[in-house]
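Notes to accompany the following structure.
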Protein chains: 2
Amino acid sequence: MAQDVARRAGVSTATVSRVLNGSAGVRADKRAAVIRAAQDLGFVANGAARALSTRRFMAVGAVVPNIENEAFVRVLSSFQDRLRRAGYTLVAANAGYDLEDELREATFLLERGVDGLMLVGDIHHPDLHARIARSGIPTVQTFSLSRERPCVGFDNAASASRAANYLMDLGHRRIGVISGLRKDNDRGGARVNGIVQALAARGLRLAPEHDIEISYGIGGGRDGFRQMLAGGEPPTAIICGTDQIAFGAMIEARTRGLAVPGDLSVIGHNDSDFAPFLDPPLTTIRIHSAEIGHAAGDHLIARIQGRPTVQFTEIDAELIVRASTAPPAR
Amino acid sequence: MAQDVARRAGVSTATVSRVLNGSAGVRADKRAAVIRAAQDLGFVANGAARALSTRRFMAVGAVVPNIENEAFVRVLSSFQDRLRRAGYTLVAANAGYDLEDELREATFLLERGVDGLMLVGDIHHPDLHARIARSGIPTVQTFSLSRERPCVGFDNAASASRAANYLMDLGHRRIGVISGLRKDNDRGGARVNGIVQALAARGLRLAPEHDIEISYGIGGGRDGFRQMLAGGEPPTAIICGTDQIAFGAMIEARTRGLAVPGDLSVIGHNDSDFAPFLDPPLTTIRIHSAEIGHAAGDHLIARIQGRPTVQFTEIDAELIVRASTAPPAR
DNA sequence: CGGATTTTTGAAAGCGCTTTCAGATAGCCA
DNA sequence: TGGCTATCTGAAAGCGCTTTCAAAAATCCG
C-alpha cells in the first residue's frame, strides 16, 4: 500500500517511508507530493509490517489484578496517558489475583508483542521473570517497592503503620483489620504486617479474631465486620483494605447500633470518590494513583528508548484524616 | 527464531508453523519433536510477523468515553472476556467525551492494527465512519441502538421513560432531571428526551429549572441539586444520570433538611456497587453491562471470522426499585 | 566550468512468520 | 512386491514496511 502512495507521488517506497516517519533528507517538493498522495489515498501504514521491520511494537502491556478495581484503573489511565504521548499503545490484561492467570496473560502479551510491561506487586509466578527476561523487554513493578527490580510504588507496610499509629495516638488499644484476600497479594500482606509491627512497637498485638480476610467489596466489608464482632470483645477501631470494605463495615456497624466514630473508628484505603461523602466522611490512606501511573509510564518509555532511569521510585501514600476516626469512648 | 526450533527439531519452519498453529497433517513424532524444541527454547512467536503473514492482528479495539467510568469498565471487562476466549486481545482507548479525540484515538487503533472496533454511542466525528470503512474492519456500537449500524445496547429513551412513568404512577407531578454533560453524548440526551416524552404523555412538562446538566460525579450531583433548588418550586422527585449524581443529590437533599424519599424521591442510573448500600438504598436503572459486553464481543468475533450475525441486539435496562422512591408527601 | 562534495534517491535486502505447491513417504491392495 | 493413493514435508514465495548502500543529482569552489 505504501506502493500506491509511492506510485501516486512518483517516488519510491523508501521515500514514502522516510517522509511518513519524519526522517530528514527528503527534498521539500517530494515530501509534499508524498504527503498529498498519502492523504488522497487515506493511507494508513500497516502496523504489523512496520513492527516486523523496526522490531518495535509501539505497544506496552500491563497486567493488573483486576481491571474493574478503581485503584488500578486510575493508575492504568494515567499510565496510558504517558504512553500515548510517546506514541505507544497500552494493552491491559486482567490477572484476577491468580499467579497462573497472571503468567498466562503476561505470556499472551509477550506473544502479541509489547515493548515493555507493567506489573503489579512483588509476588509472581516463578516462571514469569524468566519468560520476561528471555523476551528482553523492560519491566516496571507498581504498587509496591522492590530492591531487585525497577519499581514505582509506596511502602505498604509503612503507610499502614502510619494509620495504626494515628489510631494509637488517638488512644485506641484494640485495633482490628479487615483486608481483602491476601493470597498472592503482597500489598495486602504488607499492610497487615505494617499494622502488626506498629502495634507491637507499643506493646500491643493484633488479636486473631480482629484479623479478618474477606473478598473485596461493600458486601465483603459488612460480612467482615460482622465476623469480627462475633469474635469476642469488639475493637474500637478498624483499618480496612479498601474504602469499599470500610463503607461496608460502617454500614454493618450502624446496623448493630455502633456509632462511627463514637464507638468505632474506621480507616479505609485508596481515597475513593465517595470517601469524603460517606456519613461520617471516611478517614483513608490516599494513594497517588496518577503519579504512580505517570512515573511508571515515563520510566518504561525511557527504558525502551534507552535513556537512563532511576530504578526505585517511591510515591508516598498519605493519611487523609476525616471524621470517621476519633478517640475511643471512655 | 522459528528457524531455531526447526533446526533443533530437525524439521522445516513450515512444519514448526503447522504444529504451533494446530493444523492437522503432521506426523505424531515430528509434532512431538517440535513441541519439545519449542519448549526447550522457550519459543514465543513474533506477533508482528504472524500478523503480517496472516493479515490478522488478533486484536480488537474499543474506544470509550471514559475508561474510569464504572459502566464502561464493566462492559469492557466482559467484552474482553469474550475476546480472550477467541484468542483476541483488547486494546482500549479513551475518548473523553470529545469527538475529535475519539477520532484521533480510533485512527490510532486503526494504524496500530485491529481486526474490529467497538464504539460507544451514536454520535461521532463525521470522518470516523469513512475512515473505518476504508480500513474494512467490522464495528459494533454499544450503549445505544442504531438502525444503520450493528449495535448492542438498550433504548435509553425508553428506559428513562419507564423511570418517569414509575414516578408519575407514584403520584409525582414535579419531576426533575440531573444529567451529565449532554454535548456529543446521545445517551444522556436520549434519556432526557425519554423523560420529557413520558411527562408530555401525561400532560406534564419538564420545567427548565428542573433540567440540570452538570459534570459527572458525586460533587456534580450535589451542585446540580443545589442549582435545582435555587430555581423556584422544588421537584418532588428527580432522575439522575448516574448513581454518583444521585448520591450527591441525596447528600445535598439531606443537608437541606429534605428527607429521601419522604420529601424527595431519587432515581439513579447504572446500579453501581454502592447503590443498594446508600441510605436509603437507591432506586436505579440497571444496565446489564456484562451482557452488553458479551454480546458485543461475540458479535465482533463472529463478524471477524465471517460468521453470520444479527445486526441489532437490544439488552433491556431494568428499573430496580429500592427505597429512595415513594409517593410524594401530601 | 570541471571536479570534489554533499544531499537525495531508489533498488533490494531483510524482518519472522504462514501457506502454497510439488515432491517425498507411507500405506494399501491385488 | 509393484502400482496407486493418501499423507506428510520442505522450498520458496510472499506479507508491507524500514533501512542500507550505492548511484544519481544538486551544490560548491577554485
Side-chain angles (χ1 to χ4, degrees), chain A residues 1-35 37-38 41-59 87 89 108 110-115 134-137 305, chain B residues 1-35 37-38 41-59 87 89 108 110-115 134-137 305:
Chain A
M1 291 248 148
Q3 284 281 9
D4 304 340
V5 178
R7 199 169 311 125
R8 187 178 181 107
V11 300
S12 72
T13 61
T15 299
V16 170
S17 172
R18 279 189 274 258
V19 171
L20 266 29
N21 292 301
S23 48
V26 176
R27 231 171 43 209
D29 56 335
K30 300 225 172 193
R31 155 167 274 119
V34 168
I35 290 175
L41 265 40
F43 174 71
V44 173
N46 179 313
R50 171 176 288 165
L52 181 59
S53 184
T54 59
R55 252 145 308 205
R56 287 279 202 76
F57 295 95
M58 299 310 281
T89 311
F108 190 73
L110 257 28
E111 283 193 32
R112 149 142 262 298
V114 289
D115 301 312
R134 197 154 43 204
S135 78
I137 63 172
Q305 300 181 339
Chain B
M1 294 243 142
Q3 285 281 9
D4 303 340
V5 177
R7 199 169 311 123
R8 188 179 180 105
V11 300
S12 72
T13 61
T15 298
V16 170
S17 171
R18 278 190 275 256
V19 170
L20 266 30
N21 291 301
S23 48
V26 176
R27 230 171 44 208
D29 57 333
K30 299 223 173 194
R31 154 165 276 119
V34 168
I35 291 176
L41 265 40
F43 173 71
V44 173
N46 178 314
R50 172 177 288 167
L52 182 58
S53 184
T54 59
R55 251 144 306 200
R56 288 280 199 77
F57 294 94
M58 298 312 281
T89 311
F108 190 73
L110 257 28
E111 282 193 32
R112 151 144 259 300
V114 288
D115 301 313
R134 198 154 43 206
S135 79
I137 63 173
Q305 300 181 338

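Residue numbering restarts at 1 for every chain, and letters A, B, ... go by the order of the sequence lines. Because the structure is predicted, anything quoted here is derived from the model rather than measured.
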Inter-end axis angle, the helix from C/dC1-D/dG30 to C/dA30-D/dT1, with every axis fitted to five base pairs (rounded, 10 degrees): 30°
Mind checking salt bridge (Lys or Arg N to Asp or Glu O under 4.0 Å) for [X] and listing every partner two or more places apart, or none if nothing turns up?
X	result
A/R31	none
B/R27	B/D29
A/R7	A/D4

query: Is there a side chain to side chain contact (heavy atoms under 4.5 Å, CB included) between A/N21 and A/R50 once you walk through the steps?
result: CA-CA 11 Å; A/N21 292 301; A/R50 171 176 288 165; 3.6 Å; yes
- line: Contacts of A/T89 meeting side-chain hydrogen bond (donor to acceptor under 3.5 Å, both in side chains) (sequence neighbours excluded), chain-then-number -> B/R112
statement: Whether each nucleotide of nucleotides 7-17 of chain D has a protein heavy atom under 4.0 Å at its base (B), only at its sugar-phosphate (S) or at neither (-) is summarised, 5' to 3', as -SBBB--BBBB
- prompt: Is it true that a side-chain atom of B/T13 and a backbone atom of B/A6 form a donor plus acceptor pair closer than 3.5 Å?
  reply: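 No: the side chain of B/T13 does not pair with the backbone of B/A6.
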field: Intermediate values then yes/no, side chain to side chain contact (heavy atoms under 4.5 Å, CB included), B/F108 and B/V114
entry: CA-CA 10 Å; B/F108 190 73; B/V114 288; over 6 Å; no
